[in-house]
Amino acid sequence: MHATTLQPTPTTLLFPVYLEGSCNLVIWVWGVNVMCISTHRIVGICTVSQQEHRVAQTRELECTKLVLPAVLARGLVVSEVAHDYQPAVTKFVTDELKCLNSYDTWHGTKNVAKMMGKIAKGKVSCKDVTWFPQLADKMKCTKVHLYWCMRNCDGTAEDLQVRILNISNHYQGNHLSCHQDSPCRSPLYECKKVKLTNPMAIDVYSKTLKKTLIYRYAKYYCRVSVHCSYSSLYCTFTVP
């Protein structure tokens, strides 16, 4: 874990914090709470008026600009910020805060089922043209595989992308590149899913995997740990 100005020492504690955005429709206020995951205590909070910032993406950026300096002012050093794929927030985190930027995993896999639905089901007339029966049972498990890839990659974007592309190989019955401790490496392993044998289905499946946010922005998804269960925005900071 990288810290911007303070390196951890034996007396330094690392805490992840979870920033959750919420909207009060009665008073038209958008707020962000900063919660320490370890202690479940709120360590920062800010609000902005929806009359001033009507666009959700703008509100998230403005709240981030307000709440993170407030956290820093308490003597905490922010080293990493994760959020739900907001380019403006990414620019603020990397350019101004000089911190590591990450995207949370829940939002990263949110549209995977929808993407898979386009190639796994459809009209009978489009069967084996735009959608393929061999992919019909892989809508949910593809999302699970993506979570596994993020959890088990070596922390680099390159390794994460290799693991994602190997999902297609796995369902083709090729397990040479699967994790050495995976059950599929056993000679007795039998996959419960339909084996991929249709070249067009394999090609479309691989292209779909490459279109996922996780593959395209692998450098922002390759450092997940306990934070992957949180869906909004978190920071990692050090307490001197």
Side-chain angles (χ1 to χ4, degrees), residues 1-3 14-22 32-38 40 56-57 60-61 63-64 67-68 78-94 97 99-120 138-171 177-179 181-182 205-237:
M1 190 62 66
H2 170 72
L14 291 176
F15 289 100
V17 296
Y18 174 53
L19 280 67
E20 180 178 12
S22 60
V32 167
N33 298 324
V34 187
M35 182 184 71
C36 177
I37 296 174
S38 301
H40 293 175
Q57 291 82 354
E60 183 167 344
L61 174 62
C63 280
T64 302
V67 75
L68 290 184
V78 177
S79 58
E80 183 175 4
V81 178
H83 51 96
D84 54 346
Y85 182 56
Q86 296 292 345
V89 175
T90 300
K91 184 175 177 60
F92 172 71
V93 169
T94 57
L97 292 184
C99 295
L100 288 175
N101 181 82
S102 292
Y103 294 146
D104 79 82
T105 60
W106 185 86
H107 283 91
T109 60
K110 183 178 180 181
N111 292 325
V112 171
K114 182 178 180 180
M115 295 174 66
M116 286 298 300
K118 295 180 179 180
I119 61 174
K138 298 172 182 62
M139 295 176 61
K140 183 177 180 179
C141 60
T142 297
K143 184 175 180 178
V144 174
H145 261 283
L146 289 170
Y147 273 117
W148 187 93
C149 291
M150 289 184 284
R151 283 276 196 174
N152 293 277
C153 72
D154 66 2
T156 64
E158 294 76 14
D159 186 64
L160 177 55
Q161 290 181 327
V162 168
R163 291 178 183 270
I164 292 175
L165 293 181
N166 188 59
I167 297 174
S168 177
N169 294 331
H170 172 81
Y171 289 122
S177 298
C178 293
H179 194 275
D181 296 328
S182 177
Y205 188 41
S206 298
K207 288 180 178 178
T208 299
L209 291 172
K210 290 182 178 180
K211 290 179 182 178
T212 61
L213 287 175
I214 299 168
Y215 183 88
R216 290 162 51 201
Y217 300 101
K219 65 179 181 179
Y220 296 138
Y221 288 102
C222 62
R223 292 184 298 273
V224 304
S225 57
V226 296
H227 313 304
C228 69
S229 61
Y230 293 85
S231 64
S232 188
L233 188 151
Y234 72 86
C235 316
T236 301
F237 59 86

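It should be emphasised that the depicted structure is a prediction, and the values quoted were computed from it without experimental measurement.
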Participant: List in chain and number order the residues that pass salt bridge (charged side-chain N to carboxylate O under 4.0 Å, His left out) with Lys118, two or more places apart in sequence or in another chain; answer none if no residue qualifies.
Facilitator: none

Participant: Do Gln86 and Tyr103 touch side chain to side chain, with heavy atoms closer than 4.5 Å?
Facilitator: no

Participant: Not counting sequence neighbours, which residues clear ring pair (Phe, Tyr, Trp, His ring centres under 6.0 Å) with Phe92? List them please.
Facilitator: none

Participant: If you round to the nearest 0.5 Å, how far is NZ of Lys138 from NE2 of His170?
Facilitator: 9.5 Å

Participant: For Ala113, check side chain to side chain contact (heavy atoms under 4.5 Å, CB included) against everything at least two apart and list the hits.
Facilitator: none

Participant: Which residues pass the side chain to side chain donor-acceptor pair (under 3.5 Å) test with Asn111, not counting sequence neighbours?
Facilitator: none

Participant: Any side-chain heavy atom of Ile167 within less than 4.5 Å of one from Leu146?
Facilitator: yes

Participant: What's the spacing between Leu209 CG and Gln161 CD if we round to 0.5 Å?
Facilitator: 11.5 Å

Participant: Give a yes or no answer on whether the side chain of Asp159 reaches the backbone of Asp154 with a donor-acceptor pair at less than 3.5 Å.
Facilitator: yes

Participant: Atom CG of Leu100 and atom NZ of Lys219: how far apart are they, to the nearest 0.5 Å?
Facilitator: 11.5 Å

Participant: What residues, two or more places apart in sequence or in another chain, satisfy salt bridge (charged side-chain N to carboxylate O under 4.0 Å, His left out) together with Lys207?
Facilitator: Asp203

Participant: Taking all heavy atoms of Cys222 and all of Ala157, pick out the closest pair and write down the distance.
Facilitator: SG-N, 3.8 Å

Participant: Any salt bridge (charged side-chain N to carboxylate O under 4.0 Å, His left out) involving residues 209-218? Give me the pairs, sequence neighbours left out, ordered by first then second residue.
Facilitator: none

Participant: How would you list, by chain and number, every residue that makes a ring pair (Phe, Tyr, Trp, His ring centres under 6.0 Å) with Tyr217, sequence neighbours excluded?
Facilitator: Tyr85

Participant: Give, for atom CZ of Arg163 and atom CH2 of Trp148, the distance between the pair rounded to the nearest 0.5 Å.
Facilitator: 4.5 Å

Participant: With a 3.5 Å distance limit and no angle check, can you tell me whether Arg223 reaches the backbone of Asn101 through a side-chain donor-acceptor pair?
Facilitator: yes

Participant: Sequence neighbours excluded, which residues qualify as side chain to side chain contact (heavy atoms under 4.5 Å, CB included) partners of Met150?
Facilitator: Thr105, Thr109, Tyr147, Leu160, Ile214, Tyr221, Val224

Participant: Taking the side chain as everything from C-beta on, heavy atoms only, tell me whether Lys140 gets closer than 4.5 Å to Met116.
Facilitator: no

Participant: Between Ser168 and Leu165, is there a donor-acceptor pair closer than 3.5 Å when you use the side chain of the first and the backbone of the second?
Facilitator: no

Participant: Going by the rule side chain to side chain contact (heavy atoms under 4.5 Å, CB included), which residues pair with Asn166 if we only count those two or more places apart in sequence or in a different chain?
Facilitator: Asn169, Ser177, Cys178

Participant: Return the set of residues passing side chain to side chain donor-acceptor pair (under 3.5 Å) with Asp181 (not counting sequence neighbours), or none when no residue passes.
Facilitator: none

Participant: For Ser182, enumerate each residue passing the side chain to side chain donor-acceptor pair (under 3.5 Å) test, keeping only those at least two apart in sequence or located in another chain.
Facilitator: none

Participant: Using the test ring pair (Phe, Tyr, Trp, His ring centres under 6.0 Å), find all partners of Tyr205 that sit at least two apart in sequence or belong to another chain.
Facilitator: none

Participant: Roughly how far, to the nearest 0.5 Å, is the NZ atom of Lys143 from the NZ atom of Lys110?
Facilitator: 9.5 Å

